[in-house]
Amino acid sequence: IMQMWQHIHDFSWFNRKWAGAHDDGTIEFVCPFHRGDVLIGIQVAAQATRMGLRVRMHVAESLIGWVRDFAPNFAVEPLPVPVPPADLTVLNLLRSYLYVVQRLDASPRIIRSHPMRDLDKTGRNLVAAMAQAIGLPRDTKLVALRPVPQRQQIKAMSSLLAPYGDMTVIIHRSGGWALKTIPDPILRKLVSWLKKRHFTVIQIGGPGDEQIEYFDGWITANLSPAEWTVIFRKAKVVIGVDSWSSHLAAILDVPQITLYGSTQPQHVSSKHSFAEQHAPALIVDPVVDCSPCNSLICLRAPVDFCAGYALDEAVVNDFLV
């Protein structure tokens, strides 16, 4: 599929140039999903626009609202594709790319949100790869473009959090599949440790996420970035995995702890890419030598979790003090 993608890209670009397609300098940025990738894509597109590039971002229809919550300084167009499960990601990336290539008004300058080769093969970070693809230096520091919650959103989210008090920690346990999920023994240990230190621990996620009974509360809903912004800013710390929550925390510059297992922070963490970094961030590296594995299932053991996640209570305690 990826080879086909490259061939179609080369052929389509050549045909457009040969046919004299109008090139107004617009960069067609195909960044359809998932939510974390879209959040990074928004930041890269905004930075490119500030630096004089003309960008049009193409996003899955269901995530258009996520982009518009940021009041972007660039054009946004919907793609007729779903936000797919992990095993159908490549297929739907190809569908998205083909859709943009076939648009009659598309510029020949079409780029993808993901490089052809895996990040661990190139040693690059996803933010740097997107920046370079769009025409920025790989080491560009991003000026964060943040959602601005409306008054009614602030009021609603504040009311939602009010029963939990002022010592709230929010935890996003899963990034969409088993290997990007904090294993239950580590999660239990973490929640218990936080409660003993008088934190109220709330699970966050989507409407399909299983609510874990040993949390103090749950916010598992399809909220907008502006609504999540209110919640993230009120929490003492955001704890999670390699997912949209870690990127939003980096964008908002709020305290965060991110645990990595099957992926590596040097490839997918975005915290270091922002110019403003006042809030502390604790990155917990994987403890297995098989990470990153780029797999949806463990390739070493017949288990449905990654053994690479770890928790050092002393380190977490020093971070929270």
Side-chain angles (χ1 to χ4, degrees), residues 31-47 49-50 57 59-78 83 142-176 199-209 211-212 215-241 243-258 270-271 274 276-279 281:
C31 185
F33 47 74
H34 296 278
R35 286 173 173 80
D37 299 332
V38 170
L39 289 176
I40 294 174
I42 292 169
Q43 303 304 312
V44 172
Q47 188 70 31
T49 302
R50 292 189 199 100
M57 188 173 178
V59 181
E61 289 175 328
S62 63
L63 293 181
I64 284 290
W66 269 59
V67 182
R68 290 179 177 158
D69 248 27
F70 288 79
N73 55 354
F74 51 85
V76 185
E77 292 286 340
V83 177
L142 304 175
V143 177
L145 181 66
R146 296 166 178 155
V148 179
Q150 301 300 307
R151 183 177 301 175
Q152 65 271 21
Q153 293 173 318
I154 296 173
K155 182 178 180 180
M157 295 301 103
S158 298
S159 296
L160 182 65
L161 289 171
Y164 301 114
D166 298 326
M167 291 287 288
T168 299
V169 171
I170 57 176
I171 299 181
H172 187 209
R173 68 180 296 262
S174 181
F199 289 101
T200 301
V201 190
I202 300 175
Q203 176 190 352
I204 66 166
D209 289 5
Q211 293 184 342
I212 309 301
F215 279 77
D216 294 312
W218 308 267
I219 303 176
T220 50
N222 190 20
L223 302 180
S224 71
E227 291 169 325
W228 284 121
T229 292
V230 178
I231 292 170
F232 278 36
R233 284 176 172 166
K234 286 184 174 294
K236 291 297 183 182
V237 64
V238 178
I239 302 177
V241 294
S243 187
W244 65 266
S245 55
S246 66
H247 299 306
L248 184 58
I251 291 166
L252 298 176
D253 193 31
V254 297
Q256 64 181 124
I257 300 173
T258 310
S270 58
K271 174 67 176 179
F274 290 95
E276 184 179 349
Q277 298 186 40
H278 301 301

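Values below: all heavy atoms of this structure, side chains included; hydrogens, waters and symmetry mates excluded.
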Taking the side chain as every heavy atom from C-beta outward, state whether I42 and F74 have any atom pair closer than 4.5 Å. yes
Tightest non-hydrogen contact, residues L160 and Y164, listed as O-CE1, 3.6 Å
Can you name the nearest heavy-atom pair linking A221 to P207, along with the distance? C-CD, 3.8 Å
Does any N or O in the side chain of D216 come within less than 3.5 Å of the main-chain N or O of I202, such that one atom is a donor and the other an acceptor? no
Would you call P149 and M157 a side-chain contact if the rule is heavy atoms closer than 4.5 Å? no
Is a donor on one side and an acceptor on the other found under 3.5 Å between the side chain of Q256 and the backbone of S246? yes
Angle between ring planes, W244 versus W66, binned at 30° and 60°: parallel, tilted or perpendicular? perpendicular
Determine the minimum heavy-atom distance between I251 and Q43, stating which atoms define it. CD1-NE2, 3.6 Å
Flag, side chain of Q203 to backbone of I212, donor-acceptor distance under 3.5 Å: yes
Please give me the minimum heavy-atom distance between F232 and L252, naming the atom from each residue. CB-CD1, 3.8 Å
Can you sort out the partners of D253 under salt bridge (charged side-chain N to carboxylate O under 4.0 Å, His left out), two or more places apart, ordered by chain and number? K271
With distance as the sole test, does D69 use its side chain to make a donor-acceptor pair with the main-chain N or O of P147 at under 3.5 Å? no
Quick one: salt bridge (Lys or Arg N to Asp or Glu O under 4.0 Å) pairs with a partner in residues 145-164, sequence neighbours left out? R146-E276
Closest heavy-atom pair and its distance - H172, G205: CD2-CA, 4.0 Å
